[in-house]
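To keep things clear, I will list the structure first and then write my remarks on it.
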Amino acid sequence: MNNLKHTLVELGKWFNEEAILNEDLLKSAEAHNGWFTKDSVVTAMSNHASMLSSGSVSAWFDENGIDDSSLESNGKTLGLITAGNIPLVGWHDMLCGLVCGFNISVKASRDDQILPRAVVSKLEEINPELKSRITFLEGKLGEVDAVIATGSANTARYFELYFSHLPHVFRSQRTGVAVLDGNESDEDLCKLGDDMFTHFGLGCRSTTKIFLPEGFDIDRCFAQWVKWGEIGNHNKYANNYDYHKAIWLLNGEDLLENGFLLVKKDSGWVSPVGTIFVEFYNDLDSITTRIADYAEGIQVVTTRKNWGDFLKILNSKSSELPIHKFGLAQCPKVDDYADRVNTVKFLQGIE
């Protein structure tokens, strides 16, 4: 059976049953990019395996009217410029292009060169009919019919300059925000740590900003985040931690720390690696307004399960913002699209 759905489900099994155990691949990825530790890569692969479960793929295909029997190219080419901040961050765009029938030309980030090629190689092994549908380029994209490009605020202007005449999706920095009300369990706070520290806090889904009720005891969080203490021994992470600690102490900033995390009261949204920005509040309406006003800079909001008041208020101000319970920020589903742009619908609309 060589239909598209079966191919993707088999790829999902490979992620979960073989790839996460492939020590040579894991070591090669970390040697190429020191942020791509075994734990980080295995987490990313496990998430992609979940995306490609049989039920998930079937529901996704049905929702978007994807032709399961079609393996042929539609003759159009999608150009991808991918990020490299977390392992396989560009794979979902490749997947969307594939199921929409595009040939895909990938300008992969120099920080994530090993893993995408390994995935595509396995895909072609599972189904040789897909060979050459995804091509990795060293130089320019060349002739393409549409572009999806991910970068920083600085690179966005170059994307506009070179590709604005084509159908496009340009992505820049987003982040994750958490809101607490003081009724969180220890398990909630532990899972909040997962949202913060997975992939070292890199990536648009990582929690970098926390709103806390006035009087909240941050020591409660520190007690539940101890399991992540080993992260402080990672050279790149430790360098960031030490650098910002030195700068902020020289500037007389009021900090809390636990040996591997700096907690800073700050109105900013995106804290540097090794740190977290917090704000205390006593008015839920005011912070939900702030979150709604900054919605274009937020990928996901997390909070405790069943906090109805918060969900109701925020939904009334910004209904498009994804809200998840703690622990799920780093576990996107196959229909969780970056920047809330349905990539499949975008590609299906290109004539």
Side-chain angles (χ1 to χ4, degrees), residues 1-33 35-61 63-64 66 68 71 80 82-100 104 106 108-109 111-131 133-136 150 194-195 198-200 202-206 324 327-338 343-344:
M1 183 188 298
N2 281 332
N3 62 25
L4 190 53
K5 186 185 300 181
H6 176 264
T7 299
L8 297 182
V9 171
E10 288 301 305
L11 183 66
K13 292 178 181 177
W14 172 77
F15 272 123
N16 219 23
E17 297 172 3
E18 297 182 41
I20 63 173
L21 302 176
N22 187 332
E23 291 294 335
D24 289 339
L25 178 59
L26 298 176
K27 289 177 181 177
S28 180
E30 185 169 10
H32 184 78
N33 183 342
W35 290 112
F36 289 8
T37 61
K38 179 178 179 179
D39 286 345
S40 183
V41 174
V42 167
T43 295
M45 288 180 169
S46 297
N47 286 339
H48 286 295
S50 296
M51 285 185 188
L52 298 179
S53 68
S54 179
S56 178
V57 172
S58 293
W60 189 48
F61 276 33
E63 177 185 347
N64 291 285
I66 297 168
D68 181 28
L71 293 168
L80 291 182
T82 66
N85 48 353
I86 65 174
L88 290 170
V89 68
W91 167 245
H92 190 265
D93 285 334
M94 296 182 216
L95 177 63
C96 291
L98 188 72
V99 302
C100 289
I104 307 164
V106 184
S109 168
D111 293 327
D112 193 10
Q113 292 280 333
I114 304 299
L115 297 172
R117 285 172 167 80
V119 174
V120 171
S121 177
K122 186 62 183 181
L123 178 74
E124 294 175 344
E125 178 186 322
I126 294 171
N127 195 330
E129 291 183 58
L130 296 175
K131 190 173 286 289
R133 283 281 302 280
I134 302 176
T135 305
F136 292 91
T150 305
D194 295 342
D195 296 337
T198 299
H199 305 307
F200 300 96
L202 298 167
C204 64
R205 301 185 68 87
S206 294
H324 296 305
L328 295 182
Q330 303 284 10
C331 305
K333 298 179 180 179
V334 72
D335 58 354
D336 281 329
Y337 302 99
T343 315
V344 173

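Predicted model, so just to flag it, every value in this text is computed and none were measured.
- Between Lys38 and Glu23 there is a salt bridge, since at least one side-chain N of the basic residue sits less than 4.0 Å from a carboxylate O of the acidic one.
- Ser40 places no side-chain N or O within 3.5 Å of a backbone atom of Phe36 that could act as its donor or acceptor partner.
- Once rounded to the nearest 0.5 Å, the distance linking CD of Glu125 with NZ of Lys131 reads 9.0 Å.
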Evaluate the side-chain contact (heavy atoms from CB on, under 4.5 Å) criterion for residues Leu130 and Leu71: first the C-alpha distance (whole Å), next the side-chain angles of each, then the deciding distance (0.1 Å), finally the verdict.
CA-CA 7 Å; Leu130 296 175; Leu71 293 168; 4.0 Å; yes
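- Side-chain contact between Gln330 and Thr43: absent, with no pair of heavy atoms (C-beta onward) separated by less than 4.5 Å.
- Ile114 contributes atom CD1, which lies 12.0 Å from atom CG of Leu26 (distance to the nearest 0.5 angstrom).
- Between Met51 and Pro332, the shortest heavy-atom distance links the atoms CE-O, 3.5 Å.
- Across Met94 and Leu80, no two heavy atoms sit closer than the pair CG-CD1, 3.6 Å.
- Glu30 and Lys27 are not joined by a salt bridge, as no carboxylate oxygen comes within less than 4.0 angstrom of a charged side-chain nitrogen.
- Between the side chain of Asn85 and the backbone N or O of Leu202, no donor-acceptor pair lies under 3.5 Å.
- The structure places OG of Ser53 at 10.0 Å from NZ of Lys333, a figure rounded to the nearest 0.5 Å.
- At a threshold of 4.5 Å between non-hydrogen side-chain atoms, the residues Thr82 and Asp93 do not count as touching.
- Scanning all heavy atoms of the two residues, the minimum distance from Phe15 to Met45 falls at CB-O, 3.7 Å.
- When all heavy atoms are compared, the tightest approach of Gly327 to Cys331 is O-SG, 3.8 Å.
- Checking side-chain atoms of Asn33 against main-chain N and O of Asp111 turns up a donor-acceptor pair under 3.5 Å.
- Atom CG of Asn47 is separated from atom NE2 of His199 by 6.0 Å, given to the nearest 0.5 angstrom.
- Judged by distance alone, the side chain of Asp112 and the main-chain N or O of Leu88 form a donor-acceptor pair under 3.5 Å.
- Nearest heavy atoms, Gln113 versus Ser109: NE2-O, 3.1 Å.
- You'll find the side chain of Leu95 reaches within 4.5 Å of the side chain of Leu8, heavy atoms only.
- The backbone N or O of Val344 sits nowhere less than 3.5 Å from a side-chain atom of Asn64 that would complete a donor-acceptor pair.
- The minimum heavy-atom distance linking Glu17 with Leu21 is given by the pair O-CD1, 3.4 Å.
- Distance check, rounded to the nearest 0.5 Å: NE2 of His92 to OG1 of Thr343 gives 6.0 Å.
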Please evaluate residues Leu123 and Thr7 with respect to the criterion side-chain contact (heavy atoms from CB on, under 4.5 Å), reporting the C-alpha separation (whole Å), side-chain torsions for both, the decisive distance (0.1 Å), and the verdict. CA-CA 7 Å; Leu123 178 74; Thr7 299; 3.8 Å; yes
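- Within the 4.5 Å cutoff, no side-chain heavy atoms of Val106 are placed close to those of Val120.
- Between the side chain of Arg205 and the main chain of Ala329, a donor-acceptor pair closer than 3.5 Å is present.
- Without hydrogens or angle criteria, Ser46 side chain to Val42 main chain gives a donor-acceptor distance under 3.5 Å.
- Remark: Leu115 CG to Trp91 CH2 distance equals 12.0 Å, nearest 0.5 Å.
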